[in-house]
Amino acid sequence: MTDKTAKDTAHLTESADTSHAALDPNVMPDFEHMPNVASMDTSHVDKEKPPFILVDGSYYLFRTYHALPKTMMNTQGLTTNAIRGTLNALLKVMRRYNPTHMAVCFDTKSPTFRHTMSEEYKANRPKMDPELAEQIPYIHRLVRALGIPLLRIEGAEADDIIGTLTYRAVEEGHHVVISSGDKDMMQLINDSVILEDSFSGKVVDEQGVEEKYGIKPTQMIDLLTLMGDASDGIKGVPSVGQKTAVKWLNQYDNVDNILANASEIKGKVGEKLIEYADNIPRDKQLATIVTNLEIGQDWDDLRIDTDPTAYIEELRELYTELEFKNELASLAHPNHPANMAANSVADSKAETESQAQVAKTLQNQKQAAIIDIIKDSKAHDQAWHTILDEPAFDSLLQKLSAASHFAVDTETTSIDWREANIVGLSFSLQAHEAYYIPLNHSLEDDELTSKQLDQDKVLAKLKPILENPEIGKIGQNIKYDAHVLRRYGIDLNITPSNWKMDTMLASYVLNAAATRHGMDDLTRHYLHTQTITYEDVAGKGAKQVTFDKVAVDIASDYACEDADITYQLFEVFQEKLKDDAVNQRLLHELEIPVSQILCDMEATGILIKRAFLNELSKRFDEEIGELEKQAYYEAGEEFNLGSPKQLGEVLFDKLGVVGGKKTKSGQYSTGEAVLSKIAHPLAEIALEYRGLSKLKSTYTDALDAVADKDTDRVHTSYHQALTSTGRLSSTDPNLQNIPIRTKTGRLIRQAFIAPEGRVLLAADYSQIELRLMAHFSGDANLTKAFNEGLDIHSATAAEVLGKSVEDVTPTERRNAKAINFGLLYGMSAFGLAKQLEMTRGEAQDYIDQYFKRYPGVRKYMHDTRSNAVDNGYIETILGRKLYTPDINHSNQMVRRGAERAAINAPLQGSAADLIKLAMIAVDKVLPADNAKMLLQVHDELVFEVDADKVDEISELIKNAMQNVLSDTAKEMGWEVDFAVPLLVETGVGDNWDEAH
DNA sequence: GTTGGTACCTA
DNA sequence: GTAGGTACCAACG
């Protein structure tokens, strides 16, 4: 790297990087005289100069390979996630420190002294994925093409190179930034050395180590020695973890002292310490990062090549091959330093400046050049502001009122909207720019808290802007913000006109399976960076504080980032949606309106009869106690009836009941399917016990606990961007799995009631998924059955068995029902046989017969499977694309699973589309004063309705639901000619059981 | 205190 | 055989 004149870039692609000779793995480092970086005297270090940057390249390539989506690839199929991630990390650290000296260090494949020392060393690590291995040469080339020195020394690890260089740099008066996220590196931290992870953004200094571990960096090696690290072959002392190790180190300072005082240490751990004392010297050597490698060194080798023109062709080539479009475009930009520098040479010559002056001008430009390449290629300075005075607030208000659109985010005291109080608001009007208005921070000793603007005044002025549909708002999971702000008198009114985008819903509509849709996930997946986490600013576990107890300046960064990221995500999704009318419609016409409806339903809640639930609880409790007694009598001993493990042992080992099957984890299987076949009183008791304790713990007790103390209403939360098929899910509590099948279970439903003067109304789509099957398959027999209004399972039985519908017996109907459901689930003969308790052959005959009568269904299933294989996705009735990533998986089990899911997805997903349409259709016509929508249970909507209006409202709802495709969907731009009628059944009652 | 396994509730 | 959520135990740190 010393040859700065070479414009020929050929050498960049070679694998030899350095002039350093390889190290012999059989020669041990000189541990005896190894300098300890953590305890160095650093008084001579000049902190005014830029730091030396030592990058642990191997860390970034592994970390980013595993953290970023593997779907990131160029059109040639080359995975690029680690290349991109490592590149971003390098650029980030360079932007931050503007260094003159830097090295990116990598491990090599050659063995090192550690392999010689320990057979286990890294033996536990699986072979590197080929998708990662193929990226490594590109990363090396990229580093060199950016003019950054790259170090790989055979026989040495990146850690040890960094350790050695860190020691030498500090000795010579430079401070050092080690760019890595590996905790082993903490042993190198001192007053002049910090550790910075450019991927996670975490920075650790001397104080940071103490805060995290409660020990000094000088004690890190000893900590690792005691704790052990399986992946590094360090055995450590068994049963000693971080807690114990830190305790000992605080008491005795170091490992030698701990060993000297081992006899004082009591208990099992003390014995282990003595037992394993002999291993400790070796473990300590393994844990030590070498700081005195025998490598030559010339700081000039680590000087960043600041000539921007040097490798521009190589960079251009690389970016082209990798298809890094933004980076490539930046190279062509007239402001690019490479182009500017070239111009400057020409200009200077024209003006016949002296050679010295030319050189100086060039040098000055070179100084900034490499940094500018980076800034131009991606980076932007963040402009984040905290609003703490009236003029700043007024200026922000001006900008917001004049904007066509902006991103907004609320910071609160809780992730649960029901108890969230507002702490502050953040806004972003363009990428990389954001504003935070702190309102209710209350951390003591934070002088900024006293400067916060008045909440009521701020909200009063923001209200007209937030409610103004002329200004498009952008948010991430708007429903949450809407819940919070409605308590402060602001109606966010989630409509397509007031909201330009919900980034969570946009991501979900575009690809429900690509990632989860929380802000952190979206940032990683779509922006390829990492956000400050809530844990970073508020701590974690028991020590976590609410957001109002976070210092204003720290909170401001977090909040500004949220708004900024939301805006950036908006730009990404806007681009993706630009020419995608279907997904635009799904987002704006379907999901966004549904979001508002869900917000209202959640806020309304459903009334429960508390006293009745308490009564049930008590009753169940008594019966459970009785069952326990009987069980102990049967078993001849007391045991925990709720433990499947103990029950299995008592039943099969102690009592010698036959028919015990083991699960894969080696314990007896005691599931319902097993117990119900066992003719022993204990099995029966256990089943009854389980049923009752499930009802009590999951329903009677839980519902009572979550109901609002004042109103007796239960408010669930619907997740709109979670399932792989487009369904909703419900939590805290889950109101989509309230019992219905058994008589006792239905008692729980009776606790859901309507207030005085109202009744509950349930409206559900009849056989919606089978109707969708009829529609999609176009099968003549299936369509005919629905068009004639037949009972579908009886019709199936009649068809398959070749008899008339009237002659179908209940068993025959039951079997037909099983096959109908099996079809929806992509069943196999094996699965059906198990369900119907027949042989596999019989099941196969039944299936064959079915397909003979319903050939359209067979074709549909075949076509769906091949669509999934060809396109990588299937589509629902409204054109929602549901991706099937595992459809070509190499593992047959996984692949078959993906095939079944692919067959089910269009049916389940289309049913989900339809009920969402139905919610919108019903919401439009429902008279708000007389009725409220309360719950959605996949194919059912539950309402409370004024008792004296129930007949007309019931008709209204039924019509709206049955006509969603011909009316509502059509108005929105969907043309669907549905092959069979949509039938809705309604029921009314004083409670949910009666209404169903 | 967190995590995996088992069991069981729904459409 | 599809899609979810919750509770409990037992083991682990």
Practice task
May I ask you to say what A:Ser729 touches in the nucleic acid, namely base, sugar-phosphate or nothing, with a heavy-atom cut-off under 4.0 Å?
Solution key: sugar-phosphate

Practice task
Grab the CG-P distance between A:Leu641 and B:dA7 for me, whole Å please.
Solution key: 13 Å

Exercise for the section: Give one of base, sugar-phosphate or nothing for A:Leu728, where a contact means two heavy atoms less than 4.0 Å apart. Expected result: nothing

Practice task
Pick base, sugar-phosphate or nothing for A:Gly822, based on heavy-atom distances below 4.0 Å to the nucleic acid.
Solution key: base

Problem - Sugar-phosphate, base or nothing in reach of A:Glu672, heavy atoms under 4.0 Å - result: sugar-phosphate

Practice task
Give a yes/no on whether any side-chain N or O of A:Asn904 is located under 4.0 angstrom from OP1 or OP2 of C:dG1.
Solution key: no

Exercise for the section: Determine, using ring centers only, whether A:Tyr850 and A:Tyr854 are less than 6.0 Å apart. Expected result: yes

Completion exercise
From CZ of A:Arg865 across to C1' of C:dG1 the rounded distance in Å is 12 Å

Practice task
Please check if the side chain of A:Gln962 supplies one atom and the backbone of A:Val984 the other of a donor-acceptor pair under 3.5 Å.
Solution key: yes

Exercise for the section: With the side chain of A:Gln835 defined as its heavy atoms from C-beta on, choose the nearest nucleotide among B:dA11, C:dG1, C:dC9. Expected result: C:dG1

Problem - Pair of N/O donor and acceptor under 3.5 Å linking B:dC9 base with A:Lys694 side chain - result: no

Practice task
Look at the side chain of A:Gln736 against the base of B:dT10 and say whether a donor-acceptor pair falls under 3.5 Å; ignore hydrogens and angles.
Solution key: no

Practice task
For residues A:Asn734 and A:Gln736, determine if any side-chain heavy atom of one lies less than 4.5 Å from a side-chain heavy atom of the other.
Solution key: yes

Problem - Residue-phosphate contact under 4.0 Å: A:Gln646 side-chain N/O, C:dA10 OP1/OP2 - result: yes

Completion exercise
Winner on side-chain proximity to A:Asn737, out of B:dA11, B:dC9, C:dA3, is B:dC9

Problem - Separation of atom NE2 in A:His938 from atom C1' in C:dG4, rounded to whole Å - result: 6 Å

Handout entry: d(CD, A:Gln767; C1', B:dA11) in whole Å
Key = 11 Å

Practice task
Check whether any side-chain nitrogen or oxygen of A:Arg690 sits under 4.0 Å from OP1 or OP2 of B:dC8, and answer yes or no.
Solution key: yes

Problem - Residue-phosphate contact under 4.0 Å: A:Arg900 side-chain N/O, C:dT2 OP1/OP2 - result: yes

Handout entry: Any A:Ser724 side-chain N or O less than 4.0 Å from OP1/OP2 of C:dG4
Key = yes

Fill in the blank from the handout: Regarding the side chain of A:Thr731, the nearest nucleotide among B:dA11, C:dA7, C:dG5 is C:dG5

Completion exercise
In whole angstroms, the gap separating P of B:dC9 from CG of A:Asp993 amounts to 16 Å

Exercise for the section: Ignoring backbone atoms, test whether A:Ser643 places a side-chain nitrogen or oxygen under 4.0 Å from the OP1 or OP2 oxygen of C:dA10. Expected result: yes

Practice task
May I ask you to verify if any side-chain N or O of A:Arg896 is less than 4.0 angstrom from the OP1 or OP2 atom of C:dG1?
Solution key: no

Practice task
Look at the aromatic rings of A:Trp992 and A:Phe752 and report parallel, tilted or perpendicular, splitting at 30° and 60°.
Solution key: perpendicular

Problem - d(CG, A:Leu695; P, B:dC8) in whole Å - result: 12 Å

Handout entry: Cationic N near anionic O, under 4.0 Å, A:Glu688 to A:Lys694
Key = no

Handout entry: A:Ile738 CD1 - B:dA11 P separation (whole Å)
Key = 10 Å

Completion exercise
Rounded to whole Å, the CZ-P distance (A:Arg749 to B:dC9) equals 13 Å

Practice task
Taking only the side-chain heavy atoms of A:Pro739 (C-beta and beyond), determine which of C:dA11, B:dC9, B:dT6 contains the nearest atom.
Solution key: B:dC9

Practice task
Report yes if at least one side-chain N or O of A:Thr723 is closer than 4.0 Å to OP1 or OP2 of C:dA3; otherwise report no.
Solution key: no

Handout entry: Residue pair A:Asp845 / A:Gln849, side-chain donor-acceptor N/O under 3.5 Å
Key = no

Exercise for the section: Respond yes when some side-chain nitrogen or oxygen of A:Thr670 is under 4.0 Å from OP1 or OP2 of B:dA7, and no when none is. Expected result: yes

Practice task
Give A:Asp764 one of three labels, base, sugar-phosphate or nothing, depending on what nucleic acid heavy atoms sit under 4.0 Å from its own.
Solution key: nothing

Exercise for the section: Ignoring backbone atoms, test whether A:Lys696 places a side-chain nitrogen or oxygen under 4.0 Å from the OP1 or OP2 oxygen of C:dA7. Expected result: no

Exercise for the section: Using a 4.0 Å heavy-atom cut-off across all strands, classify A:Leu722 as base, sugar-phosphate, or nothing. Expected result: sugar-phosphate

Practice task
Just compare C:dT6, B:dA11, C:dA3 and give me whichever is closest to any side-chain atom of A:Thr698.
Solution key: C:dT6

Exercise for the section: Just say parallel, tilted or perpendicular for the rings of A:Phe821 and A:His793, cut-offs at 30° and 60°. Expected result: tilted

Practice task
Indicate, with a heavy-atom threshold strictly under 4.0 Å, whether A:Ala818 touches base, sugar-phosphate, or nothing.
Solution key: base

Exercise for the section: Would you classify A:Ile903 as touching base, sugar-phosphate or nothing, given that sugar-phosphate means primed atoms plus P, OP1 and OP2, and contacts are heavy atoms under 4.0 Å? Expected result: nothing

